[in-house]
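Each remark here refers to the structure printed beneath this line.
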Amino acid sequence: MPRVTTVEAFRLSLPLVHAFQTSSHRKTHLEHILVRVADADGAVGWGEIASPSDPYYCPETVDICWMTLQRYLAPALHDANWDHPSQVGALWRRVRGHHFAKAGLDIACWDLWSRAAGTPLARALGGDRRDIEAGVSLGIEPTIDDLLVQVDRYAAEGYRRIKLKIAPGWDVEPVRAVREAHPGLPLHVDANGAYGEDRYEVFRALDRFGLTMIEQPYAPGAIAAHARLQARLETPVCLDESVDDLDQLDTALEIGAGRVLNIKVSRMGGLTVASTAHDRAVEAGWRVWCGGMHEFGVGRAANVAIASLPGFTLPSDVSGSDKYYAHDVVDPPIRATEGRVPVPETPGLGHEVDEPLVRRLASATLAF
């Protein structure tokens with residue numbers, strides 16, 4: 001029976017190799033929190049809290065996660081008994097929301113447990129793939145020509161799908177240019193909730209380009225509006241920010257608010273909830289894929305594991321870490337070859353954390 005006797009957390013920042021622009025903000029670096037748990041025998045598990053630094057994608061930020069981890073979640077986990085990582089969420093059931101902070105500890109406990117069991121994390125979750133199809137997410141560029149350079153690069157590297165960030169004023173024409181340059185390339189767009197229902201004409205225009213999906217066109221709470229839009233479009237609507245938990249997912253499924261679900265381990269509170277969301281969505285006839293939050297290697301490895309589940313039939317946002325970071329925190333680094341990422345066959349996450357590097361880069365630490 002695992003019993004976590006030590007919880008440590010490290011805040012650290014890594015520069016992006018290429019600045020990333022969404023409908024709300026521009027990023028040149030990412031600050032995340034890495035979590036290390038250990039039991040009395042010295043076995044270790046790692047997790048990642050990949051929340052944004054600013055409250056543009058969601059209300060939860062790095063600062064809020066740090067406080068929540070210190071005050072509520074780490075003390076609840078410390079010295080608690082549990083038999084399986086699917087049980088750890090019950091330790092902080094009273095804490096509403098704060099899914100990113102919960103995800104970091106959930107991942108760490110899955111890593112600890114699967115290492116102790118001698119089982120690859122993907123297999124522990126029920127995954128059955130040797131590798132997964134990877135897509136890339138491209139931000140808003142200064143010009144359409146700049147965007148085409150990025151699309152050409154990643155299409156040539158073999159990535160199986162390109163996602164384009166869109167925003168009012170940067171939508172139909174960039175997508176038209178990419179589609180004309182790459183007629184057969186699987187392509188989808190992501191608005192991060194930047195539009196209102198008054199902008200329906202944009203989505204009617206995008207509906208003509210043979211997109212795999214239109215992701216999160218409206219605000220997170222506008223689930224009914226997404227259902228109305230889906231009823232008017234041929235292109236599947238994909239929900240991301242609208243689904244933080246299983247209750248929201250049940251509502252979306254019930255009213256037909258889309259046909260695709262972006263499952264983000266971080267957004268949904270960890271691997272336990274993410275795997276349940278996979279089961280429910282697939283049973284309801286929705287397609288699912290694994291989204292990302294520009295995770296460092298720890299969180300990216302967790303994404304690879306969840307994306308190995310059988311229902312993930314669309315390319316996931318688990319591109320090679322070298323697309324984002326010149327030097328990641330895990331060894332071996334996560335790499336994509338011809339658009340495919342191997343699923344580790346060694347116990348746990350399948351990647352070792354460069355702990356001396358993490359401790360050296362950390363701007364702040366916590367220990368329990």
Side-chain angles (χ1 to χ4, degrees), residues 16-28 52 56-57 134-220 222 225-226 228-242 257-260 262 287 289 291-294 314-317 319 323-324 339:
L16 291 167
V17 297
H18 185 78
F20 193 86
Q21 176 84 35
T22 71
S23 60
S24 61
H25 63 295
R26 182 176 178 83
K27 298 177 278 192
T28 58
Y56 303 136
Y57 172 82
V136 291
S137 177
L138 300 182
I140 296 170
E141 295 288 339
T143 70
I144 290 177
D145 286 342
D146 291 326
L147 176 64
L148 289 172
V149 168
Q150 294 296 316
V151 174
D152 291 346
R153 172 188 172 185
Y154 291 110
E157 291 182 10
Y159 282 101
R160 307 304 176 100
R161 179 269 291 152
I162 303 292
K163 176 168 81 170
L164 305 177
K165 294 289 186 178
I166 62 171
W170 179 270
D171 38 47
V172 177
E173 292 312 311
V175 174
R176 186 193 313 277
V178 173
R179 177 51 79 216
E180 289 176 353
H182 296 274
L185 181 67
L187 187 68
H188 91 251
V189 298
D190 180 12
N192 290 117
Y195 295 82
E197 284 196 85
D198 60 327
R199 303 300 299 272
Y200 165 71
E201 295 301 321
V202 169
F203 300 111
R204 187 173 73 169
L206 292 173
D207 204 26
R208 305 184 184 114
F209 293 125
L211 302 176
T212 306
M213 68 191 81
I214 297 172
E215 183 179 355
Q216 199 63 47
Y218 300 148
H226 284 101
R228 290 190 288 270
L229 180 63
Q230 182 63 92
R232 302 175 73 182
L233 296 180
E234 292 291 331
T235 306
V237 170
C238 170
L239 298 185
D240 176 2
E241 293 97 318
S242 286
R259 297 204 295 267
V260 181
N262 176 349
R287 303 188 75 183
W289 61 284
M293 294 297 300
H294 293 170
L314 293 167
S316 296
D317 271 349
S319 49
K323 178 186 180 297
Y324 298 103

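Numbers for residues simply follow the sequence, beginning at 1. The figures here come from the full heavy-atom set of this structure, side chains too, leaving out hydrogens, waters and symmetry mates. Since this is a predicted model, take the numbers as computed values, not measurements.
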In Å and rounded to the nearest 0.5 Å, what is the [atom1] to [atom2] distance from [X] to [Y]?
| X | Y | atom1 | atom2 | answer |
| --- | --- | --- | --- | --- |
| I166 | I140 | CD1 | CD1 | 8.5 Å |
| L148 | R153 | CG | CZ | 15.0 Å |
| K163 | W289 | NZ | CH2 | 4.0 Å |
| Y218 | Y200 | OH | OH | 8.5 Å |
| R287 | N262 | CZ | CG | 14.0 Å |

request  = Walk me through it: do L314 and M213 pass the test side chain to side chain contact (heavy atoms under 4.5 Å, CB included)?
outcome  = CA-CA 11 Å; L314 293 167; M213 68 191 81; 3.7 Å; yes
Quick one, [X] and [Y] - any side-chain contact, counting heavy atoms below 4.5 Å?
| X | Y | result |
| --- | --- | --- |
| V175 | W170 | no |
| P186 | R160 | no |
| T212 | L187 | no |
| L164 | H188 | no |
| E215 | V260 | no |
| L206 | V189 | yes |

ask   = Nearest heavy-atom pair of K165 and G139: which atoms, and what distance?
value =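 Closest heavy-atom pair between K165 and G139: CG-CA, 3.9 Å.
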[Y] and [X] side chains, donor-acceptor separation under 3.5 Å:
| X | Y | answer |
| --- | --- | --- |
| D317 | H294 | no |
| Y195 | D171 | yes |
| D190 | Q216 | no |

Show which side-chain atoms of residues 229-239 pair as donor or acceptor with protein atoms under 3.5 Å away, not counting sequence neighbours.
from: Q230; atom 1: OE1; to: V237; atom 2: N; distance (Å): 2.6
from: Q230; atom 1: NE2; to: T235; atom 2: O; distance (Å): 3.2
from: T235; atom 1: OG1; to: D207; atom 2: OD1; distance (Å): 2.5

ask   = Mind checking what makes side chain to side chain contact (heavy atoms under 4.5 Å, CB included) contact with D198, not counting sequence neighbours?
value =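 With sequence neighbours excluded, D198 shows a side chain to side chain contact (heavy atoms under 4.5 Å, CB included) to no residue whatsoever.
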inquiry  = Test of understanding: with side chain to side chain contact (heavy atoms under 4.5 Å, CB included), list the residues that count as partners of P220, not counting sequence neighbours.
reply    =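 Scan of P220 (side chain to side chain contact (heavy atoms under 4.5 Å, CB included), adjacent residues dropped) gives E241.
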inquiry  = Regarding E180 and R176, does a basic nitrogen lie under 4.0 Å from an acidic carboxylate oxygen?
reply    =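 So E180 does not pair with R176 through a salt bridge.
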request  = Look only at the side chain of R161 and the backbone of Y159, and say whether a donor-acceptor pair between them is shorter than 3.5 Å.
outcome  =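 Looks like no, no N/O pair under 3.5 Å.
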query = Under the 3.5 angstrom rule, does the side chain of R179 hit a backbone N or O of F209 as a donor-acceptor pair?
reply =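 It does hold such a pair.
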